[in-house]
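The structure under discussion appears below in the form of structure tokens.
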Amino acid sequence: MAALSFFAAKNKVCKPNKWASALLIGLLGTGLALSTPTMGRAQSSSETVPSFVQDGTLTVCTNPTLPPMTFIQGSDASKPEGMDIDVVRALAQRWHASLSLITMDFTGLFPSLAAQRCGLVISGIIQLADREKNFDAVAYQETALTVVARANTPPIKSMAELSGKTIAVQAGTSYAARIERENVSLAAAGKAPILVQQYPTEDQVVQQVLIGRVFAFVSQDVELYYRQKQLHGKVRIILKPDYQDYRHFAAYLRKNKQDRALLSQTIAELEQDGTLAKLRQKWSLSSQAEQALTADESSGGFNWQSFFSALFSAAFLKGAALTLGVALLSHFIAILISIPMAVALNSHKNSALKWVLKAYVSIFRGAPTLLQLLFIWNALPQFFPIFREQWFTPFLATLVALSINESAYQVEINRAALSAVDGGQELAADALGMKRKQVYRYVIFPQALRIALPPTINEFISLLKTTSLASVISLQELLAITQVQVARTFEFTEYYAAALVYYLAMVFFFLFLQKRVERRFSWADRKKATANAA
Amino acid sequence: MQPNPLPHGSPQPAQHPPMIAVHNMSKLYGEFVALDRLNFDVQRGEKIVVLGPSGSGKSTLIRTFNRIEPHDSGSIIIDGKIINEKTSLTELRCMVGMVFQNYNLFPHLSVLDNCTLAPQLVRNVARKDAQEMAHNFLKQVGIPEQAHKYPIQLSGGQQQRVAIARALCMQPEVMLFDEPTAALDPEAITGVVSIMDTLAEQGITTLCVTHEMAFSRRIADKIVFMDQGRILEITPPEQFFTAPQTERAQNFLNQMIRY
């Protein structure tokens, strides 16, 4: 393909959007300082293998939502495919290493590299000088930026013609910053700026154009060549601005001159022996493909077959099971933690412990759950290297984050329930000679349970949906699976509907369960108690 | 503080040691003196009614006997055992049963389970034996047919009967009644009072805080009259109701009669 230069293409790089990235970048600074001196310890004996290949394994982080570079084709969300994946596979082969792929949200890629969770990041990321301040980069593929609009839109001559129009870009990419620079020139010329909307995934960006909400989107040519099959000619390239600094996709590594030299040398070898050329052909990264982007207007409408095949696919079932499992386990742990906390908080004594518990509840109720997830996954390894190791999986990290977070809410429910039990109950149980534990187990808890149950089920339902946040730390739960599938097929409505069915089915089941359990508390209601006795 | 004007106690011609002996016993809530150096004895099988205006310390007094309210100084000896922080609460509460104004039944348990829970947990009575005993006591308090209902299905008077049966299931030697009829309507009061009459006849040592004058007069061996944390009079009921020794008691009785 031509050396079109674009601008930020879907580089997913360290320009994570929003507040999360700001925090992480701050943390990264420290992390890099800590991690750099330790590199190169593992493989120093071999001169031909970079130090980020550790124990004979090349670990690579990727965000598989950018076909044809890195994406999920089959139903197994943990097995990305594409040009990028084939490139690292070839690299691993050269280095006689086995390949381990970690998939995650785009914004998590660079923090994970810094946290030494992986040795390389390859995810269709543009080579940018800004990024090379913190990481080393080696280019492996030419690319170009394209501005794409609906099929009936006439071509434009320059970015300036986008003045006053709205375009969509993927969040976390550097497109937005590039457009800002265009806007500076537009402002100087007294013209209206280009308006930018940012979306978390590439497929949503495309969807905004398809449904007509925005005028155009910005993307990489290679992706578009691949996607034109999915898009059935509904879109066309209206401009290819020649940006000098947006011409290459690069693999990123932690700063290390020797490693960078080794990586460039190996990629040069792959180029020479024709390996990369073959891969480009395999994934249609050629300019001829551009011509195929022509009209063939196909109808919309709801594709029932896709809906049902998604609904009954193993991937969705696994995603739903993971969602349910994480929610159940973390709520169970949260309840276990929160009961002794609530008992301690309800005691009449004023102890230091009480202050500690109050602080715990305030912090974990106060901080956004998403921030807590990102903190545990990305920040913790900076301080405690043990959390970089393989055993600390996204599942475990989610479990820890959600258990702690949920326990802070559950404490309040438990505390309210305990104090709602009449004080005379404890008095009567005491007067009958019961021990403290017996008083709680046989008298107070059963009554508190009745009061706590409805808000607890409520919390659980909320938690079940909160698990979808864990997609940012690469947990393949239901929503992550849905998004990956949408990126593959562009059948939004069908896949969203399938996910909705799963969520609703789970929630309704628990509401039903709640009704059943509440029947056991008929002792609290005279009419029901009488009816049950009859 | 002045010494208690009525040092009562030791020089009583009793063959048996008293069931409860209270000597110079005080209870404080911070600065507030709830019970002020009390002295008195309760003989085995004796019925004591504690009278006095509200806030006088009546309930606090009887709660010190099962150590739901621990006393701060002086001594309490029950059945020869000194009651202090070293006392086994389990043993003490097996020996001293208590009935509350608001019944405090366990709402999540049936009447039968209310009666059998503590005997099983505390006295390690087998479930079957505990149930048999519970049925007996429920019969005794006149509601054998309610065993499988929940407390919420019973009237106040019935609930208080269950509370009495529940306390009796622990086979206590002393029963404490903390205003057992204060929350009941007149008809229910009659029922509960008649049960207490029966218990009195059976010879169980009883201390009762109440405002039921007729009941007090009928069953009490002694009236203990309290005001502001002190015992002002300990006298037989006939004397107390006809010729109270203190002006405070006279005023109190006048107030009661006016109702």
Side-chain angles (χ1 to χ4, degrees), chain A residues 339 343 346-350 413-414 416-456 514 516-534, chain B residues 59 62-63 65-70 87-111 113-124 146-155 162-163 166-172 175-178 183:
Chain A
I339 290 175
V343 171
N346 251 23
S347 78
H348 304 293
K349 287 172 229 154
N350 246 334
I413 293 177
N414 295 356
L418 284 175
S419 54
V421 175
D422 179 43
Q425 294 292 309
E426 191 178 345
L427 205 60
D430 278 346
L432 285 166
M434 290 188 210
K435 297 203 161 66
R436 207 95 288 270
K437 268 192 198 161
Q438 296 174 328
V439 174
Y440 274 101
R441 158 120 197 253
Y442 294 99
V443 177
I444 297 183
F445 285 157
Q447 296 182 54
L449 179 65
R450 181 185 71 86
I451 302 161
L453 188 77
T456 300
Q514 177 181 357
R516 289 302 297 263
V517 176
E518 275 177 2
R519 267 194 228 165
R520 302 192 58 180
F521 295 127
S522 60
W523 50 262
D525 184 314
R526 181 178 294 195
K527 276 184 204 156
K528 282 188 197 158
T530 309
N532 274 17
Chain B
S59 287
I62 66 166
R63 284 172 187 215
F65 297 150
N66 64 353
R67 218 175 153 73
I68 277 180
E69 296 284 1
T87 310
S88 152
L89 290 179
T90 309
E91 263 176 54
L92 174 64
R93 287 165 184 175
C94 282
M95 188 161 63
V96 182
M98 188 163 205
V99 172
F100 299 88
Q101 175 179 345
N102 295 318
Y103 341 124
N104 296 352
L105 293 182
F106 305 134
H108 60 300
L109 298 179
S110 69
V111 165
D113 291 341
N114 261 278
C115 295
T116 59
L117 179 67
Q120 289 181 78
L121 291 178
V122 181
R123 277 190 174 267
N124 297 317
Q146 312 284 17
H148 296 287
K149 289 195 178 169
Y150 283 106
I152 200 167
Q153 298 170 272
L154 305 183
S155 70
V162 176
R166 179 174 71 176
L168 291 174
C169 281
M170 294 295 284
Q171 299 179 294
M175 278 287 277
L176 308 173
F177 289 90
D178 191 358

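Numbers restart at 1 for each chain; the letters A, B, ... are given by sequence-line order, proteins then strands. Values reported hereafter were calculated over all heavy atoms of this structure, with side chains retained and with hydrogens, waters and symmetry mates removed.
Chain A forms more heavy-atom pairs under 4.5 Å with one residue of B/Ile68, B/Leu121, B/Asn66 than with any other, namely B/Leu121. Of the listed residues (B/His108, B/Arg63, B/Arg93, B/Arg67), the one with the most heavy-atom contacts under 4.5 Å to chain A is B/His108. With chain A as the partner, the residue from B/Thr90, B/Leu109, B/Leu92 showing the most heavy-atom pairs under 4.5 Å is B/Thr90.
Residue B/Val99: no heavy atom, backbone or side chain, is found under 4.5 Å from chain A. Interface residue B/Phe106: backbone and side-chain heavy atoms are both found under 4.5 Å from chain A. Heavy atoms of A/Asp430 lying under 4.5 Å from chain B belong to its backbone as well as its side chain.
A 4.5 Å side-chain heavy-atom check between B/Leu117 and A/Met434 finds at least one atom pair inside the cut-off. Counting heavy atoms from C-beta on, the side chains of A/Leu432 and B/Val122 never come closer than 4.5 Å.
Nearest heavy-atom pair across A/Ala431 and B/Phe100 is CB-CZ, 3.9 Å.
For A/Arg441, the CZ atom sits in a loose shell: 12 or fewer heavy atoms of surrounding residues, nucleotides or ligands are nearer than 6.0 Å.
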